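These figures come from a predicted structure and were not determined experimentally. Note that the numbering runs from 1 along the sequence shown for the chain.
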Amino acid sequence: MTLDPVLLTGIEEIDAQHEVLFDCLARLEHSITQEERWSAVHFALVQLSDFARIHFAVEEALMRLHAYPSFAAHVAEHHGFTAKLHELKETSIRADISNEMIAFLREWLVHHIGGSDHAYVPHLRTAPLATS
């Protein structure tokens, strides 16, 4: 799965990072078909988790710099995703949850980027840097 152009925010760095997240998802989808499935899936999940952490830190820094009013709610979504991803990693060690995992990740990324991330774009474009 690749990043649908409708999900582009117009913020070059954020869009590039979203593309990497979708690349991680594509690697995860591909890993499900591999002979060494368990290790391939686990490695793909670790890559996704690591990059999501980096991406969330960048987004949160931008929102903090511009005093985004819905910062706390947005960060809560990031924390929820991180917790669910950790749960998926733990569960995938014991059981094949490939289809549910892919469905959750695809749906979450599309919904979050298309909704919550798009919501902060107008604010970032017009708000001055926060001073404090």
Item to check | For the student: nearest non-hydrogen atoms of Leu28 and Val41, plus distance | outcome: CD1-O, 3.7 Å

Checklist entry - Between His78 and His55, does any side-chain donor sit less than 3.5 Å from a side-chain acceptor? => result no

Checklist entry - Roughly how far apart are Leu45 CG and Glu90 CD, rounded to 0.5 Å? => result 10.5 Å

Checklist outcome for this item: Separation between SG (Cys24) and CG (Asp50), nearest 0.5 Å, reads 9.0 Å

Next on the checklist: Would you compute the distance between atom CE of Met101 and atom CG of Leu85 and round it to the nearest 0.5 angstrom?
Outcome noted: 9.5 Å

Next on the checklist: Show the nearest heavy-atom pair for residues Glu59 and His112, with the distance to one decimal.
Outcome noted: OE1-NE2, 4.1 Å

Next on the checklist: Please check if the number of heavy atoms outside Phe43 that lie under 6.0 Å from its CZ is greater than 12.
Outcome noted: no

Next on the checklist: Quick check against the 3.5 Å criterion: does His74 have a side-chain atom that pairs as donor or acceptor with the backbone of Asp117?
Outcome noted: no

Item to check | Over all atoms of both residues, closest heavy-atom pair of Ile11 and Val121 | outcome: CD1-CG2, 4.2 Å

Checklist outcome for this item: Residue set satisfying ring-ring contact (aromatic ring centres under 6.0 Å, His included) with Tyr68, at least two apart, ordered chain then number -> His123

Next on the checklist: Nearest 0.5 angstrom please: Glu19 CD to Leu7 CG, how far?
Outcome noted: 10.0 Å

Checklist outcome for this item: Residues Leu48 and Leu105: closest non-hydrogen pair is CD2-CD1, 3.7 Å

Checklist entry - Looking at Arg64 and Phe71, what are the two nearest heavy atoms and their distance? => result NH2-CZ, 3.5 Å

Checklist entry - Do side-chain atoms of Thr91 reach the backbone of Leu88 as a donor and acceptor pair under 3.5 angstrom? => result no

Checklist entry - Just how far is it from atom CG of Leu3 to atom CG of Leu109, taken to the nearest 0.5 Å? => result 9.5 Å

